[in-house]
Protein chains: 2
Amino acid sequence: MRQTAGMPIDAPRTARERARAEITAEILDTARIHLARDGAAALSLRAVARDLGMVSSAVYRYVPNRDALLTMLIIDAYDGLGGAVETSEGAVARTDYLDRFLATCHAVRTWAIAHPQEYALIYGSPVPGYAAPEDTIGPASRVPVVLITIIVDLQSSGRAPRPAPVDAGVAASIAPISDFAGGQVPPDLLLRGMASWSGLFGAVSFELYGHLHNVVAEGTAARTAYFDHQMRRVAEGLGLGSGTVAR
Amino acid sequence: MRQTAGMPIDAPRTARERARAEITAEILDTARIHLARDGAAALSLRAVARDLGMVSSAVYRYVPNRDALLTMLIIDAYDGLGGAVETSEGAVARTDYLDRFLATCHAVRTWAIAHPQEYALIYGSPVPGYAAPEDTIGPASRVPVVLITIIVDLQSSGRAPRPAPVDAGVAASIAPISDFAGGQVPPDLLLRGMASWSGLFGAVSFELYGHLHNVVAEGTAARTAYFDHQMRRVAEGLGLGSGTVAR
DNA sequence: GTCTAATGTGAGCACTGCTCACGAAACAGA
DNA sequence: TCTGTTTCGTGAGCAGTGCTCACATTAGAC
């Protein structure tokens with residue numbers, strides 16, 4: 001049976017297996033600290049080894065190579081973000097669709113600001129030559145699933161206009177996600193969900209990567225007000241609005 | 001007098017100055033090739049030197065360090081994208097506002113797909129510890145200026161609803177860009193411009209960084225159809241729409 | 001108690017950015 | 001034309017990286 005993130009790790013039987021799991025966890029913990037402090041590009045297996053008081057070649061007994069360590073950290077980051085978002089969104093009354101959406105947006109942004117290097121690791125430019133392994137797609141889909149669920153819920157509540165017809169070519173283009181959703185969700189809603197997702201991602205990334213420099217004032221209040229306004233605009237465009245963008 | 005991108009280089013007087021300019025250009029050219037092939041993270045001064053048949057320490061006579069070389073490539077990339085977008089958008093009739101917007105979007109995406117590493121360099125996660133110098137803000141603003149201009153043009157044509165009133169806090173948050181625009185452009189329009197810019201950026205980045213994997217079908221046709229649809233949706237949300245998102 | 005497999009060690013390879021002392025060449029001023 | 005000053009190319013060297021490998025040690029299985 002394969003191990004997948006979120007699944008509890010098999011209880012180690014022997015002392016050796018226990019030690020192995022423990023040391024692997026220590027490596028991951030240390031790597032996490034280094035990542036948060038220095039960023040993914042500067043993550044060094046040798047430095048992690050030094051911090052743990054082991055010789056550099058010893059970590060290769062636990063981690064096949066640097067890319068594998070990064071992959072673990074990527075899954076970690078996806079799960080961290082996904083958990084934060086699910087908690088935040090889950091605390092809002094189910095029928096307050098706009099608030100659910102805004103809670104999701106702000107949760108993503110708050111997490112990103114608190115964990116900039118982790119965010120950059122999962123949503124920044126991929127390390128060249130690095131291909132995201134299949135293990136990441138589960139954790140990676142947690143946030144978009146939340147967004148699409150909000151839109152689908154709004155739809156089923158009957159409080160939204162009927163899904164708009166979508167051009168056949170466009171509908172065909174999203175066949176993969178449509179299949180993933182069991183083919184039951186109208187393409188228009190999936191497209192809305194994706195649009196909100198990429199709009200949210202764009203706004204957070206812009207802020208985090210410094211593209212709002214000389215555009216939006218630097219303080220926390222200004223940045224939050226700007227972000228909130230723009231996310232309300234996105235919601236509006238999705239049929240999630242409360243009537244007007246202005247607050 | 002300081003040299004700024006876009007400004008013609010002073011004609012070199014002596015043979016030495018001419019040689020210097022030439023070798024610096026060769027270094028930049030080679031670095032550009034390496035960037036396109038291997039990505040920014042793998043850009044190596046030593047490798048560039050090798051390609052040019054010079055010893056590694058010699059390039060330090062022309063480029064202070066690796067970061068400076070990256071900065072030149074960043075300015076280069078901004079200008080390349082800006083030029084491509086301005087050309088594309090400039091070819092559309094001035095009064096076809098939606099088409100101007102879509103031309104801009106598709107130009108950004110086309111350039112990004114053709115120059116993925118350059119795109120990642122300017123819109124991906126910034127290299128840790130690297131702060132974008134002031135020289136980049138001019139070239140960096142070319143695309144957003146195009147977008148905001150479209151929206152302002154539409155506004156002045158009288159074919160759009162009046163700019164919506166904006167919450168005072170939100171309006172204050174965009175003081176920097178508002179000042180940059182001379183204080184004449186209504187905040188609502190600037191906010192729309194920024195929203196379109198970050199929506200466009202989000203969509204292109206998602207595709208380029210592989211976040212559409214298992215979501216949107218892989219082929220060129222599917223990806224283009226999806227992108228076009230989403231950009232039309234963004235346009236819609238901006239008041240640039242032609243009436244309906246469906247084509 | 002023995003045998004095998006897992007684990008830790010340190011040397012080593014090839015690479016990186018960057019510095020520095022050293023000559024050689026090119027320029028500028030007298 | 002001669003002299004003095006910059007500028008430029010060279011190669012060695014430092015500190016760091018990822019990763020491999022032969023070797024010793026140790027822990028678990030039988």
Side-chain angles (χ1 to χ4, degrees), chain A residues 10-28 30-31 33-35 37-74 117 121 126-131, chain B residues 10-28 30-31 33-35 37-74 117 121 126-131:
Chain A
D10 287 331
R13 307 186 185 288
T14 72
R16 198 173 242 172
E17 282 175 30
R18 209 174 321 118
R20 185 165 231 295
E22 201 169 304
I23 294 182
T24 308
E26 276 176 16
I27 291 175
L28 242 172
T30 309
I33 294 171
H34 283 217
L35 168 65
R37 200 184 47 210
D38 309 319
L43 181 67
S44 150
L45 274 180
R46 289 183 112 113
V48 170
R50 261 197 307 275
D51 265 26
L52 262 57
M54 45 169 61
V55 91
S56 74
S57 57
V59 300
Y60 285 92
R61 298 287 181 198
Y62 299 91
V63 173
N65 53 39
R66 189 173 172 277
D67 269 11
L69 187 57
L70 277 177
T71 300
M72 298 188 212
L73 292 173
I74 286 173
Q117 301 286 8
L121 180 61
V127 194
Y130 176 84
Chain B
D10 287 331
R13 306 187 186 287
T14 72
R16 198 173 241 171
E17 281 175 29
R18 208 174 322 117
R20 186 166 231 295
E22 200 169 304
I23 295 182
T24 308
E26 276 176 16
I27 291 175
L28 242 172
T30 309
I33 294 171
H34 283 216
L35 168 65
R37 197 185 48 209
D38 309 319
L43 180 67
S44 150
L45 275 180
R46 288 183 113 111
V48 170
R50 261 197 307 275
D51 265 26
L52 261 56
M54 45 168 63
V55 91
S56 74
S57 57
V59 300
Y60 286 92
R61 300 282 182 202
Y62 300 91
V63 173
N65 54 41
R66 189 173 173 276
D67 270 9
L69 187 57
L70 277 177
T71 300
M72 299 188 212
L73 293 173
I74 286 173
Q117 301 287 7
L121 180 62
V127 193
Y130 176 84

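Throughout, protein chains are lettered first and strands after them, A, B, ... in sequence-line order, and every chain is numbered starting at 1. Note that this is a predicted model, so its numbers are computed, not measured.
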What's touching nucleotides 22-25 of chain C from the protein side, N or O pairs under 3.5 Å?
none

CZ of A/R66 to OG1 of A/T71: how many Å apart, nearest 0.5 Å?
11.0 Å
Here the distance between atom C1' of C/dG12 and atom OH of A/Y60, to the nearest Å, is 14 Å
Exactly one of A/L69, A/L28, A/I27 clears side-chain contact (heavy atoms from CB on, under 4.5 Å) with A/Y62, and that residue is A/I27
Atom-pair distance (CZ on A/R18; P on C/dA6), nearest Å:
18 Å
Please state how far atom CG in B/D51 lies from atom P in C/dC15, giving the value in whole angstrom units.
14 Å
Roughly how far apart are A/M72 CE and A/T24 OG1, rounded to 0.5 Å?
7.0 Å
With sequence neighbours excluded, what pairs up with B/A25 under the side-chain contact (heavy atoms from CB on, under 4.5 Å) test?
none
For B/L69, answer base if it contacts any base atom (sugar-phosphate contacts may also be present), sugar-phosphate if it contacts only those atoms, and nothing otherwise; contact means non-hydrogen atoms under 4.0 Å.
nothing
Whole Å only: how far is the CG atom of B/D67 from the C1' atom of C/dT16?
14 Å
For D/dG18, does the base pair up with any side-chain atom of A/R46 as donor and acceptor (N or O, under 3.5 Å, distance only)?
yes
Phosphate contact (D/dG9 OP1 or OP2) by B/Y62 side-chain N/O below 4.0 Å:
yes
Euclidean distance, atom CG of residue B/L43 to atom P of C/dG17 [Å, nearest integer]
8 Å
In terms of the nearest nucleotide of DNA chain D, which residue is placed more toward the 5' end: B/S56 or B/R20?
B/R20
Measuring from atom CD of A/E26 to atom CD of A/E22, what distance do you get when rounded to the nearest 0.5 angstrom?
6.0 Å
Between P of C/dA26 and CD1 of B/I23, the distance in whole Å
12 Å
If I take atom CG from residue B/L70 and atom CG from residue B/L45, how far apart are they, to the nearest 0.5 angstrom?
8.5 Å
Please evaluate residues B/R61 and B/I23 with respect to the criterion side chain to side chain contact (heavy atoms under 4.5 Å, CB included), reporting the C-alpha separation (whole Å), side-chain torsions for both, the decisive distance (0.1 Å), and the verdict.
CA-CA 10 Å; B/R61 300 282 182 202; B/I23 295 182; over 6 Å; no
Rounded to whole Å, the CZ-P distance (A/R66 to D/dT20) equals 14 Å
Would you kindly give the CG-to-C1' distance between B/L45 and C/dT19, to the nearest whole Å?
14 Å
Is there a donor and acceptor pair, one atom on the side chain of A/S57 and one on the base of C/dG10, closer than 3.5 Å?
yes
